[in-house]
Asker: 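For reference, the structure I am asking about is given below.
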Amino acid sequence: MSRPTPLRDVHESLGATLTDFAGWLMPLRYGSESAEHRAVREAAGLFDLSHMGEIFLTGPQAGQALDYALVGHLSALVPGRARYTMIVDERGGVLDDLIVYRLGDDEFMVVANASNYEKVGGELKNRAKSFDVVVEDRSDQYALIAVQGPHSQEILSSLTDADLAGLKYYAGLPGIVDGRRALIARTGYTGEDGFELFVANDDAAPLWHALTAAGEPYGLKPAGLSARDTLRLEAGMPLYGNELSAELTPFDAGLGRVVKFDKPGDFVGRSALEAVKDDAPRRRLVGLVARGRRVPRHGYPVTKDGAVVGEVTSGAPSQTLGKPIAMAYVDTGAETGLAVDIRGRHEPMDLVELPFYRRNK
């Protein structure tokens with residue numbers, strides 16, 4: 001049975017289409033997927049992300065424990081900043097991609113994907129055993145609401161005195177929003193500017209309503225999983241289970257930059273990743289833009305002269321480009337004459353560098 005978020009009643013009152021996602025009952029859409037997508041690009045969108053996991057590491061060796069457990073150099077973070085990183089297995093395969101926030105000198109919060117947070121929590125506890133640190137999964141204690149889009153700062157600033165203008169990208173600060181305590185973060189998964197609000201479960205619904213009212217003059221709309229997926233696809237952001245998996249290393253995904261070999265000490269997966277870091281990749285992650293109207297989908301073969309040279313990882317119609325787009329792993333060197341086999345028809349594609357969309361800052 002799917003687990004509801006603290007905002008289930010809100011979603012039902014808005015007439016959302018609810019679906020199971022990673023064991024959670026989540027809003028797929030509230031009405032028009034394209035209208036929700038456009039609202040985030042042009043105004044603002046409101047998302048329920050309470051299915052994400054929050055795992056805390058507290059203690060004098062919390063930073064060192066994360067340096068060992070993850071591929072990034074997390075002890076180098078200053079309090080108030082965040083970093084995108086990954087947890088890999090001994091073979092270098094990606095178990096999840098994560099955002100780590102340093103909340104204080106001895107406290108970090110790891111945000112994991114909904115489908116993986118229990119696995120990530122277990123791995124962190126196991127890998128931290130030899131360090132002076134307490135690892136605690138507090139996912140049940142938090143709701144997570146995101147407001148994304150060009151008007152997100154104006155909307156949120158009407159509800160808080162926190163210094164939003166001074167809050168950098170990939171940073172967070174504690175604040176009071178509509179009279180409720182929150183951790184205000186500025187990361188996002190849409191390609192737009194925006195904020196994430198980590199709040200107590202009981203504060204989620206009142207805060208959602210306050211944001212809805214504050215955003216009405218700006219055209220804010222609630223947005224579901226469908227819009228979130230097309231937005232992150234346009235922005236070239238990977239989705240675990242599509243572009244990332246335990247069968248792929250960070251280098252396979254073109255994200256080798258997150259692996260920090262120059263940090264002190266060993267880390268899980270280091271030997272395996274060092275062995276492949278200089279290898280030319282057999283396949284690389286690319287963007288594909290369809291010349292026609294048929295949409296490439298996850299798992300469809302990418303072909304060249306009739307031979308399979310890759311596979312689509314994510315695909316959808318792009319509201320911003322007005323054409324179907326996809327991310328795909330394609331054999332290195334296969335850059336022209338590409339097509340996607342869509343139910344027996346080889347639809348021509350143009351290869352482009354990611355992302356498909358980049359906002360004007």
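Index from 1, following the sequence.
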Asker: Taking the six-membered ring of Tyr117 as reference, does the cationic atom of Lys119 (NZ for Lys, CZ for Arg) lie under 6.0 Å from its centre and within 45° of its axis?
Answerer: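 Because its charged atom misses either the 6.0 Å distance or the 45° angle limit, Lys119 does not stack over Tyr117.
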Asker: Assess the side chains of Glu42 and His151: does a donor N or O sit below 3.5 Å from an acceptor N or O?
Answerer: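 There is no such pair (donor and acceptor under 3.5 Å, judged by atom type) between the side chains of Glu42 and His151.
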Asker: If two hydrophobic side chains count as joined below 4.5 Å and joins carry through other members, does Tyr169 share a cluster with Phe198?
Answerer: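 Yes, Tyr169 connects to Phe198 through the hydrophobic network.
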Asker: Please evaluate residues Asp350 and Arg291 with respect to the criterion salt bridge (charged side-chain N to carboxylate O under 4.0 Å, His left out), reporting the C-alpha separation (whole Å), side-chain torsions for both, the decisive distance (0.1 Å), and the verdict.
Answerer: CA-CA 7 Å; Asp350 292 318; Arg291 296 179 187 173; 2.8 Å; yes
Asker: Relative to the ring of His51, is the ring of Phe21 parallel (under 30°), tilted (30 to 60°) or perpendicular (over 60°)?
Answerer: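 Geometry flag for His51 against Phe21: perpendicular rings.
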Asker: Just wondering, are more than 12 heavy atoms of other shown residues or ligands nearer than 6.0 Å to NZ in Lys323?
Answerer: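 Check fails, neighbour count at 12 or below.
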Asker: Using the ring-ring contact (aromatic ring centres under 6.0 Å, His included) rule, take Tyr142 and Phe56 through it: C-alpha gap first, then chi angles, then the decisive distance, then the call.
Answerer: CA-CA 12 Å; Tyr142 286 91; Phe56 286 72; 5.7 Å; yes
Asker: Carefully, step by step, assess Arg8 and Asp48 under the rule salt bridge (charged side-chain N to carboxylate O under 4.0 Å, His left out).
Answerer: CA-CA 9 Å; Arg8 175 182 179 173; Asp48 179 10; over 6 Å; no
Asker: With no hydrogens and no angle check, is any side-chain donor or acceptor of Asp331 less than 3.5 Å from a backbone partner on Ala334?
Answerer: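 Flag not set: sc Asp331 to bb Ala334 has no pair under 3.5 Å.
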Asker: Hey, what else clusters with Met1 if you join Ile, Leu, Val, Met, Phe, Trp, Tyr whenever side-chain heavy atoms sit under 4.5 Å?
Answerer: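 Direct or chained contacts put Met1 with none.
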Asker: Just wondering, are more than 12 heavy atoms of other shown residues or ligands nearer than 6.0 Å to CD in Glu216?
Answerer: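 No, not enclosed.
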Asker: Does NZ or CZ of Arg102 fall inside the cone over Phe108's six-membered ring, less than 6.0 Å from its centre and within 45° of the axis?
Answerer: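 No, cation not above the ring by the 6.0 Å, 45° rule.
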Asker: Can a donor-acceptor pair be found between the side chains of Ser2 and Asp20 at a distance below 3.5 Å?
Answerer: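 Note: Ser2 and Asp20 side chains meet the donor-acceptor criterion.
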Asker: Go through Arg232 and Ser314 one step at a time and tell me if the side chain to side chain donor-acceptor pair (under 3.5 Å) criterion holds.
Answerer: CA-CA 10 Å; Arg232 69 93 194 168; Ser314 299; 2.7 Å; yes
Asker: Would you please say whether a donor-acceptor pair under 3.5 Å links the side chains of Ser139 and Asp137?
Answerer: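 There is such a pair (donor and acceptor under 3.5 Å, judged by atom type) between the side chains of Ser139 and Asp137.
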Asker: For the pair Gln64 and Ser75, evaluate side chain to side chain donor-acceptor pair (under 3.5 Å) and give the outcome as yes or no after the intermediate values.
Answerer: CA-CA 6 Å; Gln64 293 96 311; Ser75 64; over 6 Å; no
Asker: Side chains of Ser34 and Ser32: any donor to acceptor distance under 3.5 Å?
Answerer: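 Note: Ser32 and Ser34 side chains meet the donor-acceptor criterion.
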Asker: Knowing that exactly one of Glu192, Glu196, Arg228, Arg41 qualifies, which makes a side chain to side chain donor-acceptor pair (under 3.5 Å) with Gln148?
Answerer: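 Among the candidates, only Glu196 passes.
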Asker: Scan Leu98, Asp96, Leu244 and name whichever one has a side chain to side chain contact (heavy atoms under 4.5 Å, CB included) with Met86.
Answerer: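 Single pass found, and it is Leu244.
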Asker: Under 4.5 Å side-chain heavy-atom separation, chaining through any Ile, Leu, Val, Met, Phe, Trp or Tyr, what else clusters with Ile176? Say none if it is isolated.
Answerer: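 Ile176 shares its hydrophobic cluster with no other residue.
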Asker: Between Gly287 and Phe356, what is the shortest heavy-atom contact and its length?
Answerer: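 Looking at all heavy atoms of both residues, the shortest contact is CA-CZ, 3.5 Å.
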Asker: Is there a chain of hydrophobic side chains (I, L, V, M, F, W, Y, each step under 4.5 Å between heavy atoms) that links Ile145 to Val10?
Answerer: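 Linked, Ile145 and Val10 end up in one cluster.
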Asker: With distance as the sole criterion, is a donor-acceptor pair present between the side chains of His11 and Tyr30 under 3.5 Å?
Answerer: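 Checked: His11/Tyr30 side chains pair up, N/O donor to acceptor below 3.5 Å.
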Asker: Taking NZ in Lys221 as the centre, count heavy atoms belonging to other residues, nucleotides or ligands within less than 6.0 Å. Is the count above 12?
Answerer: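 No, not enclosed.
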Asker: Using links of under 4.5 Å between side-chain heavy atoms of ILVMFWY residues, direct or through other members, which residues join Tyr357 in one cluster?
Answerer: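 None; Tyr357 is a cluster of one.
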Asker: So, Asp97 and Tyr84: side-chain donor and acceptor under 3.5 Å apart, yes or no?
Answerer: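 Yes.
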Asker: What I want to check is whether the side chains of Glu54 and Gln141 have a donor and an acceptor closer together than 3.5 Å.
Answerer: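 There is no such pair between these side chains.
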